[in-house]
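Heads up: the structure comes next, in structure tokens.
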Number of protein chains: 2
Amino acid sequence: MRILIVEDEPTLGQQLKSTLEQTGYAVDLSTDGEDGHFLGSTEDYDAVVLDLGLPEIDGLTVLGMWRKEGRNFPVLVLTARDSWSDKVAGLDAGADDYLAKPFQTEELIARLRALIRRASGNTSSELTAGYVRLDTRSGRVTLDGEPVKLTAQEYKLLSYLMHHKGKVVSRTELIEHIYDQDFDRDSNTIEVFVTRIRKKLGADVITTIRGLGYSLDDPADTPRA
Amino acid sequence: MRILIVEDEPTLGQQLKSTLEQTGYAVDLSTDGEDGHFLGSTEDYDAVVLDLGLPEIDGLTVLGMWRKEGRNFPVLVLTARDSWSDKVAGLDAGADDYLAKPFQTEELIARLRALIRRASGNTSSELTAGYVRLDTRSGRVTLDGEPVKLTAQEYKLLSYLMHHKGKVVSRTELIEHIYDQDFDRDSNTIEVFVTRIRKKLGADVITTIRGLGYSLDDPADTPRA
DNA sequence: CCTCGACAATCAGGATGCGCATACCTCTAC
DNA sequence: GTAGAGGTATGCGCATCCTGATTGTCGAGG
């Protein structure tokens, strides 16, 4: 999962970035509205953390522009001001959630998790597909009830696929959402991790669609032929 | 739009109900968890406002039960307690948003609006023509309900035709859209793939218009000749 | 009505390149 | 130093695509 943070205060921004990275997200950080808007318009994010009190361009304006451009990633708005009218304005401008400074980092993480989960149409923090079960909250994966040990990257890949269950996900899409901005796109890492995951969870969890990408299917969703 | 409010405090509940009704919603009000759970399980709501501090059954429990039952209406949680851990628990239990008491009614309305808007943003990505069904999201094709395995090129060709259902598509147009940039135009690949698709989906899905190109027609759209 | 030319459909063999697996290297953490 | 993880490099097998030849079909004109 790839996150964009737009936060003008460098210390807070950096702190957020590293916290989220430790949690397993790929994070891009932008410190002003213009740059942030550009990134959000050109790159593909799973969620955005947006500070309203930005220099030059107001956060609300940036948000408005994104929505006008058709960008529909979930946006969590940070606001220093505590007036509820600002919050309402934010929500009406297309924000999906907001958080008033100061806040607990745990809460930010929980809200991001909820946003991403919701954006993928899931209501529970548990994702399942066949015998595989993934708890986004605890970061645990079980196969047929038995806990399975996945490495960080394996988890990220599997998590992204499970959030987009049933969808064909291209290799580039995976790379874009698992790694941040600059990463060597000509590499076979994805294939390698797919292989490793298959070794741990069974060959049939991830389906290859030759020439298009990968797909994770829930047998329950596939009406028998 | 139909809303369910589960709130044990009668005054607040009634006040919310009338406010929301003035805004144009149809509102059901329940004053305890058990009844509220029953309503949510049996009736069909567009959104639910749920107080966490309920007698008898905890709001979190109710929410958990709903989610387990597969109910996926958006839920906005009300909490008197201000501890962030409760909020985190709520979000992880499947809440879509929360609001801490006391709150401004305007804010509640704005958030409900946002929730409903978001929930209705599910656009299906299915194209159909006769017995053929193509889901652009999952990249899957079914014929009369039966899944059909197409290769990448077959899929691209079919997809393009279905996106331009009823239109006559020339061979050059197909080549230009399926292959990138320069491709040997003197080649009969398109014909080959048309043949293959016809073999898998039936000869009548793609009509040949001699000298012009191909066309994919939906029998439903074609008044009988 | 038949013939002929042009266009379309089909078939099969061979090249391509995609995806898989495995081994190898680097880096970090302990 | 060791162990585990992430990433790179390489060879192989096979599904998939393309090519080119052949067969089939349509339609106009004699």
Side-chain angles (χ1 to χ4, degrees), chain A residues 1-2 18 21-27 139 141 148-161 168-216, chain B residues 139 141 148-161 168-216:
Chain A
M1 294 298 157
R2 192 155 161 225
S18 54
E21 277 172 348
Q22 276 169 35
T23 322
Y25 295 112
V27 182
V141 176
V148 178
K149 239 191 107 187
L150 292 188
T151 70
Q153 304 292 333
E154 287 163 8
Y155 177 82
K156 285 190 205 172
L157 206 162
L158 180 67
S159 160
Y160 187 83
L161 283 177
V168 175
V169 182
S170 71
R171 215 154 329 189
T172 41
E173 185 177 348
L174 280 172
I175 287 183
E176 276 171 3
H177 286 266
I178 289 175
Y179 300 96
D180 51 11
Q181 263 211 304
D182 16 53
F183 179 82
D184 184 20
R185 270 91 202 281
D186 306 347
S187 138
N188 67 343
T189 24
I190 299 297
E191 274 131 305
V192 171
F193 281 111
V194 168
T195 304
R196 287 180 181 160
I197 291 174
R198 287 211 254 241
K199 231 176 198 166
K200 292 186 179 179
L201 298 178
D204 49 342
V205 278
I206 300 175
T207 317
T208 305
I209 290 100
R210 208 162 229 265
L212 294 179
Y214 296 98
S215 154
L216 190 145
Chain B
V141 177
V148 177
K149 238 190 109 188
L150 293 187
T151 70
Q153 307 287 342
E154 289 163 8
Y155 176 83
K156 284 190 207 167
L157 206 162
L158 180 67
S159 163
Y160 187 83
L161 283 177
V168 177
V169 182
S170 72
R171 215 152 328 184
T172 41
E173 186 177 347
L174 280 172
I175 287 183
E176 276 170 4
H177 281 89
I178 289 175
Y179 298 96
D180 41 348
Q181 293 271 302
D182 18 49
F183 178 82
D184 185 18
R185 270 87 199 287
D186 307 347
S187 135
N188 67 341
T189 32
I190 298 297
E191 275 115 317
V192 172
F193 283 113
V194 168
T195 302
R196 287 194 176 147
I197 292 173
R198 288 211 254 240
K199 231 179 196 166
K200 291 186 179 179
L201 298 178
D204 49 343
V205 279
I206 299 175
T207 318
T208 306
I209 288 96
R210 209 151 230 270
L212 293 178
Y214 298 97
S215 153
L216 190 144

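For the numbers below, each heavy atom of this structure counts, side chains included, while hydrogens, waters and symmetry mates do not. So that the names make sense, note that chain A is the first sequence line, chain B the second, and so on, each numbered from 1.
In this structure, the nucleotide among dT8(D), dT10(C), dA5(D) sitting nearest to the side chain of Val192(B) is dT10(C). Here dG7(D) is the nucleotide among dC26(D), dG7(D), dT16(D) with the atom lying nearest to any side-chain atom of Gln153(A). The side chain of Lys199(B) approaches dC11(C) more closely than any other nucleotide in the set dA9(D), dC11(C), dC18(D). Nearest to the side chain of Ser187(A), among dC18(D), dG27(D), dT8(D), sits dT8(D). Checking dG6(D), dA15(D), dC7(C) against every side-chain atom of Arg210(B), the shortest atom distance belongs to dC7(C).
Between the CD1 atom of Ile190(B) and the P atom of dT10(C) there is a distance of 15 Å, given to the nearest Å. Atom CG of Leu150(A) and atom P of dG4(D) are 16 Å apart (whole Å). Protein atom CG of Leu157(B) is 11 Å distant from nucleotide atom P of dC18(D), rounded to whole Å. Atom CZ in Phe193(B) sits about 12 Å away from atom C1' in dA15(D), given to the nearest Å. We find that CZ of Arg171(B) is positioned 16 Å from P of dA6(C), with the value rounded to whole Å. Across the protein-nucleic acid pair, Ile197(B) atom CD1 and dA9(C) atom P stand 12 Å apart, rounded to whole Å. Counting to the nearest Å, the P atom of dC20(C) and the CG atom of Asp204(A) are 14 Å from each other. Distance CG (Leu212(B)) to P (dG27(D)): 12 Å, rounded to an integer number of Å.
In terms of phosphate contacts, Tyr179(A) brings a side-chain nitrogen or oxygen within less than 4.0 Å of OP1 or OP2 of dG7(D). The side chain of Thr208(B) places an N or O atom within less than 4.0 Å of a non-bridging phosphate oxygen (OP1 or OP2) of dA9(C).
Side-chain contact between Leu216(B) and Leu158(B): present, with at least one pair of heavy atoms (C-beta onward) separated by less than 4.5 Å. Under the 4.5 Å side-chain criterion, counting only non-hydrogen atoms from C-beta, Thr208(A) is in contact with Arg198(A). Side-chain contact between Thr189(B) and Tyr179(B) is present, with heavy atoms from C-beta onward closer than 4.5 Å.
Residue Arg196(A) places a side-chain atom within donor-acceptor reach of the base of dG7(D), judged by atom type and a 3.5 Å distance cut-off alone. At a cut-off of 3.5 angstrom, the base of dG7(D) holds no donor-acceptor pair with the side chain of Asn188(A).
When heavy atoms are screened at a 4.0 angstrom cut-off, Glu191(A) is found touching base atoms of the nucleic acid. Across all strands shown, Thr195(B) has heavy atoms under 4.0 Å from base atoms, whether or not it also approaches the sugar-phosphate. Looking at heavy-atom distances under 4.0 Å, Val194(B) makes no contact with the nucleic acid at all. When heavy atoms are screened at a 4.0 angstrom cut-off, Tyr214(A) is found touching the sugar-phosphate backbone but no base atom. Residue-level contact check: Lys156(A) touches neither bases nor backbone, having no heavy atom under 4.0 Å from any strand.
When each of Lys200(A), Arg196(A), Lys199(A), Lys149(A) is tested with Glu154(A) by the rule side-chain hydrogen bond (donor to acceptor under 3.5 Å, both in side chains), just one qualifies, namely Lys200(A).
Nearest approach of Tyr214(A) to Ile209(A), heavy atoms of both residues: C-CD1, 4.3 Å.
Between Ile178(B) atom CD1 and Leu161(B) atom CG the span is 7.5 Å, to the nearest 0.5 Å.
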